[in-house]
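Input: a single structure, listed below in structure tokens.
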Amino acid sequence: MQRILAAAGREIVVVIVGPGAIGCLFAALLAEKGLAVALLDKNPERSLLLSREGIRVKDSAGERLVHVPCEADPFRLSPPAFLCLCIKSFDTEAAMRHALPLLGAQTVIVSLQNGLGNAEIAARLSAGRPILCAATSHGSTAECAGVVRHAGAGPTIIAPHTAAADYHARAFADMLMNAGIESHVTPDAATLLWSKAAINAAINPVTAIADVPNGAILEREDLRMQAEEAALETERVARAMGINLIYDNTLEAVQNVCRNTASNFSSMLQDIRRGRRTEIEAINGEVVRHGRRLGIPVPVNEELLHRVLEISADRR
Ligand code: KPL
């Protein structure tokens, strides 16, 4: 079967797995700067639609359309330099298995996902290939298939998950920077992932339960206190595991993300509204699991976990 190229005569540099809010946003930002990027989607109808209609990005400057090839069949894409996972944490195993035919000898896997445990799954299935973890503070809402509202920019931080992947982390960061996506490399993946988990454990369930955009946390005292306590509990659990978060001040970090993505609906709220499964288990669920294991009380994370599971079960 003939494999397609992202653009005439060029090998694909990045395949983004998962055309959700962040996957479409990153695919569009990279393609706009001329990078050979393609999307891999498990859904054949949606992938046809995206290839035909393109990705519509809405932001404060207006609206634009970016064409990115999208495939459901991994055999129709050539192995990329980077395979970037932008899927929900509970889909990591299935998406990795779907993408396996795409892995070339040199392909580097990047987990650009929320939650804890994704890189471990990717490592188990990728036969020793280099793995990177990445965390982004971009706020992006999928209005419908291929239509995203870019509600706020922020840095994307990359860390090597496997030994000797530092070089690849720098190469990935440089590629993003060339596309205008602010990126930095940090040496320790656990630090990065727990730092992002503290933000997500605070913002995502609180906004999902209250059904409000991220900025409401700064405006409502009750939400702010709940979000801050969830972040502090996460920080305590991480510290007990020997992991110091990257923030000088974790509460300020939560507030900054709320401010920078004030009009964004968190990914968890988007999932609840659409009656889809949320990532609560991979975020607050992991904080609770490790907290119990280490004897650190995490009552706010427990409460948020149970409440989101309840709401999500009702909606689904
Ligand atoms: O990661 C996010 C998410 O919604 O999952 C934040 C940064 C909170 C942006 O909404």
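What you are looking at is a predicted structure, and each value in this text was computed from that prediction instead of being measured. All heavy atoms count here, side chains included; hydrogens, waters and symmetry mates do not. Both ligands and their constituent atoms are indexed starting at 1 by order of listing.
- Near Asn114, meaning under 4.0 Å from one of its heavy atoms, ligand 1 places the atoms 1 (O), 3 (C), 5 (O).
- Taking the centre of each ring, His168 and Phe82 stay at or above the 6.0 Å mark.
- How far CG of Leu39 is from OG of Ser47: 9.5 Å, rounded to the nearest 0.5 Å.
- Side-chain contact between Leu309 and Glu281 is present, with heavy atoms from C-beta onward closer than 4.5 Å.
- Within the structure, side-chain hydrogen bond (donor to acceptor under 3.5 Å, both in side chains) contacts touching residues 155-166 (residues at least two apart or in different chains) are Thr136-Thr156.
- More than 12 heavy atoms of other shown residues, nucleotides or ligands fall within 6.0 angstrom of atom CG in Asp314.
- At under 3.5 Å, a nitrogen or oxygen of Asn204, whether backbone or side chain, sits near a nitrogen or oxygen of ligand 1.
- Ligand 1 has a nitrogen or oxygen under 3.5 angstrom from a nitrogen or oxygen of Ser267.
- For ligand 1, the atoms sitting less than 4.0 Å from at least one non-hydrogen atom of Asn200 are 1 (O), 2 (C), 3 (C), 5 (O), 8 (C), numbered in the order shown with element in parentheses.
- For atom 9 (C) of ligand 1, the closest non-hydrogen atom of the protein is Asn214 ND2, 3.6 Å.
- Between Asn264 and ligand 1, an N or O atom pair is found at a separation short of 3.5 Å.
- Residue Glu302 is tested with Arg292, Arg289, Arg307 for a salt bridge (charged side-chain N to carboxylate O under 4.0 Å, His left out); the sole match is Arg292.
- Using a 4.0 Å cut-off between charged side-chain N and carboxylate O, Glu229 and Arg236 make a salt bridge.
- Scanning the protein for heavy atoms near atom 7 (C) of ligand 1, the closest one is Val257 CG1, 3.8 Å.
- Heavy-atom contacts of Ser266 reach the following atoms of ligand 1: 4 (O), 10 (O) (cutoff under 4.0 Å).
- Close approach of ligand 1 to Lys196 (heavy-atom distance below 4.0 Å) involves ligand atoms 1 (O).
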